[in-house]
There are 2 protein chains.
Amino acid sequence: MKSVKIIVCGLGRVGREFIRLLADGADDLEKRYGLHFIICSAADIGGAAITESEAGLDAPQLLIHIRNGGAVENFGRYGRPGLTGEQAIRQAHAGVLIETTPTNLTHGEPAKTHVLAAIEKHMEVVSANKGPFVLFYRELHESARKNNCGLHISAATAAALPTLDVGRVCLAGTRVLSIQGILNGTTNYILTEMGHKGTSYEAALKQAQEMGIAETNPDYDVLGKDTANKMILICNRVFNAYFGLSDITVQGITEVTQEVIAQAAGQGRVIKLIGSAEASGGKIHLEVAPKLLDKGHPLAGVNGSEKAITYVTDTMGTITVTGGKSSPVGAAAALLKDLINAFVQE
Amino acid sequence: MKSVKIIVCGLGRVGREFIRLLADGADDLEKRYGLHFIICSAADIGGAAITESEAGLDAPQLLIHIRNGGAVENFGRYGRPGLTGEQAIRQAHAGVLIETTPTNLTHGEPAKTHVLAAIEKHMEVVSANKGPFVLFYRELHESARKNNCGLHISAATAAALPTLDVGRVCLAGTRVLSIQGILNGTTNYILTEMGHKGTSYEAALKQAQEMGIAETNPDYDVLGKDTANKMILICNRVFNAYFGLSDITVQGITEVTQEVIAQAAGQGRVIKLIGSAEASGGKIHLEVAPKLLDKGHPLAGVNGSEKAITYVTDTMGTITVTGGKSSPVGAAAALLKDLINAFVQE
């Protein structure tokens, strides 16, 4: 049995679901993987809870406290009002940072500071937060390598859809020639509705908003930014590169009309918002744009809010993975997966 | 840089392709994974080649020798006519066995002896051979665990389709509720032809045989045995169990008529040969049988000789992976993948 001490920064829906998975699955995780996880600290916007006891924080009690509206910094004698995530990381004797604070794509904070503090302490980093990795991947990757710690960002790259595991583990030793992904559920839902029901873009968007699939301000999704961010993360890990947002041309779905979709359907084709990477002439070209796909294309049948990614390789042919729950539970499960895989080897 | 010494047992098409991948990819593997592979022995039916030199056997020269019709036991001063695979494993200072001898599903030999000899020497085992793992999984798994060595059998379970990596790595920490797989390209090709072109079973089989997709004696494929074997291997690894062939009910496609397929199509459904595992009531029920799938089922659109597997989980939803080259190169690439992943950790 191996004991692994963790700190959870960010107690929004994903962070809380993650703690619940750890609490509910504790026995099972010990039995199946020989891993015993100890939450030695949890931090949120107003402070943290922290303990030096070998048992760690009582996860079920902490969840009840939070569900009852309590703040983590008031969690009994462990609460430390005002203690920041960074301070908690520096004080706690944790081996892993679980980073689930809200994503910021301008400065990456507070996650960037958390990740750097964790790297400095030679901790493994498991993140659902895209920000620091989209904006500062080179800096973080180089620091992590110097300090011999791993960066695990499955939960930030389409969560339960195993984009990175397939690209890095399942395809190890192959040369990836191209990647095509449907990485954003909102835009795929809108395009599917437009294609299947003849709905206009505006009506499909409105419907997605009413169903909670699209945000009130849908720009991040419909302008292709979310897909672009995920492509940056995936391509940096799969190609071992340092791409940034300036390396990718991005076009969203706001100019896709019902007429264009109907015309495509008449030719037996569909329009999907595709994030793509093409290796050619020693370079890798990144793009996000609506694309016409033939019916036989592996991504043509990926409908509704479902996501998928296709890798074309030299020696293994074409491999497509589809599905994965899009929810806080799915993201939390992706965090747990990365956490387990960081410590288990076959 | 980490040096890894290997022995390759079996120099059929898969074994030779594997050596070619190592030879062609040597620089790339060192650069990307920090791994330097040394072939210290290679064995086939008539004997072996073996060396104690730190450089190992010259892989490009060995391939030329074999392509020119030479036997491995006559490979210059390294050749040892009559040296068996088992003897070579015992003599060579290898850390990994690459097992690619022909699969035998009655006694599992010579692979079983090879694998046990390798385990005894605390070597990692990477196998494209199903035999020993279908027939003697409990014995091999327990020995391997006692000797602290890993069994890596991706190449035996649908090769380039990452059935096991998805089930074990991508879904780590989830509970797998069910598995459904199209794991045999020959039967899927026959059923697809019958469905798309109205061909009879006999005509579709004949055509598959003429194209080299089906064997002259097609029983192993069409009776569902290949699918059953792959399901045993997959389920034992994913559920950490010891299933054998007596635990799975198996029905092939020989009684699927064109009429039944046409009737299904009339209802918007397709018939596929499905290997399935269902967890219910604390037990796991294994079956191979032709199944009616609705058009929306993730496996309904998997056509021709393509393969796919769907996992239904508690926390990540449903994940399907499709594709992967069915060829000696694809199998060799799966061996290489397992070899790399046995030594690299993020």
Side-chain angles (χ1 to χ4, degrees), chain A residues 17 21 25 28-29 31-33 124 150-152 154 159-162 164-166 168-175 237 240 296 298 300-301 303 306 308 310-311 313-327 329-330 332-342 344-346, chain B residues 17 21 25 28-29 31-33 124 150-152 154 159-162 164-166 168-175 237 240 296 298 300-301 303 306 308 310-311 313-327 329-330 332-342 344-346:
Chain A
E17 282 296 343
L21 290 184
D28 192 50
L29 294 169
K31 203 173 117 202
R32 287 165 72 192
Y33 302 103
E124 296 290 304
L151 302 177
H152 312 274
S154 286
L161 177 72
L164 285 181
D165 292 329
V166 170
R168 289 170 63 87
V169 179
C170 302
L171 304 181
T174 71
R175 192 166 284 278
R237 299 298 277 170
N240 205 18
N303 289 320
E306 190 150 65
T310 296
Y311 288 92
T313 73
D314 55 349
T315 52
M316 287 197 186
T318 298
I319 289 175
T320 300
V321 61
T322 311
K325 205 181 267 182
S326 290
S327 67
V329 178
L335 288 170
L336 179 58
K337 167 189 71 172
D338 275 359
L339 175 61
I340 292 168
N341 289 331
V344 167
Q345 195 172 21
E346 285 209 19
Chain B
E17 282 295 344
L21 290 183
D28 192 49
L29 294 169
K31 205 173 114 198
R32 288 166 68 191
Y33 301 103
E124 295 290 304
L151 302 177
H152 311 274
S154 288
L161 177 72
L164 285 181
D165 292 329
V166 171
R168 288 169 64 87
V169 179
C170 303
L171 303 181
T174 70
R175 191 165 286 278
R237 299 297 278 171
N240 205 17
N303 289 320
E306 191 150 65
T310 296
Y311 288 93
T313 73
D314 57 348
T315 52
M316 288 197 187
T318 299
I319 288 175
T320 300
V321 61
T322 311
K325 205 180 266 181
S326 290
S327 66
V329 178
L335 289 169
L336 179 58
K337 168 189 69 174
D338 275 358
L339 175 61
I340 292 168
N341 289 331
V344 168
Q345 195 172 20
E346 284 208 22

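Everything numeric in this text was worked out from a predicted model, so none of it was measured. Sequence lines set the chain letters: A, B, ... in the order given, protein chains first and strands last, and positions in each chain run from 1.
- Between chain B and the residues A:Arg175, A:Lys337, A:Arg32, A:Glu306, the most heavy-atom pairs under 4.5 angstrom are made by A:Lys337.
- Counting only heavy atoms from C-beta outward, the side chains of B:Pro298 and A:Thr322 never approach each other to under 4.5 Å.
- With chain B as partner, the option from A:Ala334, A:Ala160, A:Ser326 having the largest number of non-hydrogen pairs under 4.5 angstrom is A:Ala160.
- B:Asn303 does not touch chain A: none of its heavy atoms, backbone or side chain, sits under 4.5 Å away.
- Across all non-hydrogen atoms, the minimal contact from A:Val169 to B:Asn341 is O-ND2, 2.9 Å.
- With chain A as the partner, the residue from B:Leu29, B:Thr174, B:Leu171, B:Val166 showing the most heavy-atom pairs under 4.5 Å is B:Thr174.
- Using a 4.5 Å cut-off between heavy atoms, A:Thr318 touches chain B through its backbone atoms (N, CA, C, O) alone.
- Chosen from A:Gly25, A:Gly323, A:Ala172, the residue pairing most often with chain B at heavy-atom distances under 4.5 Å is A:Ala172.
- Here the closest heavy-atom approach between residue B:Gly324 and residue A:Ile319 is recorded as N-CG1, 3.6 Å.
- Looking at every heavy atom in both residues, B:Asp314 comes nearest to A:Lys325 through O-NZ, 3.1 Å.
- What you find for B:Thr315 and A:Leu21 is that their closest heavy atoms are CG2-CD2, 3.7 Å.
- Across A:Gly330, A:Ala333, A:Ala308, the residue that shares the most heavy-atom pairs under 4.5 angstrom with chain B is A:Ala333.
- Using a 4.5 Å cut-off between heavy atoms, B:Tyr33 touches chain A through its side chain atoms alone.
- Top candidate by heavy-atom pairs under 4.5 Å with chain A, chosen from B:Gly317, B:Ser154, B:Ser327, B:Gly173, is B:Gly173.
- Counting heavy-atom pairs closer than 4.5 Å to chain B, the top-ranked of the candidates A:Ala159, A:Pro162, A:Gly301, A:Gly296 is A:Pro162.
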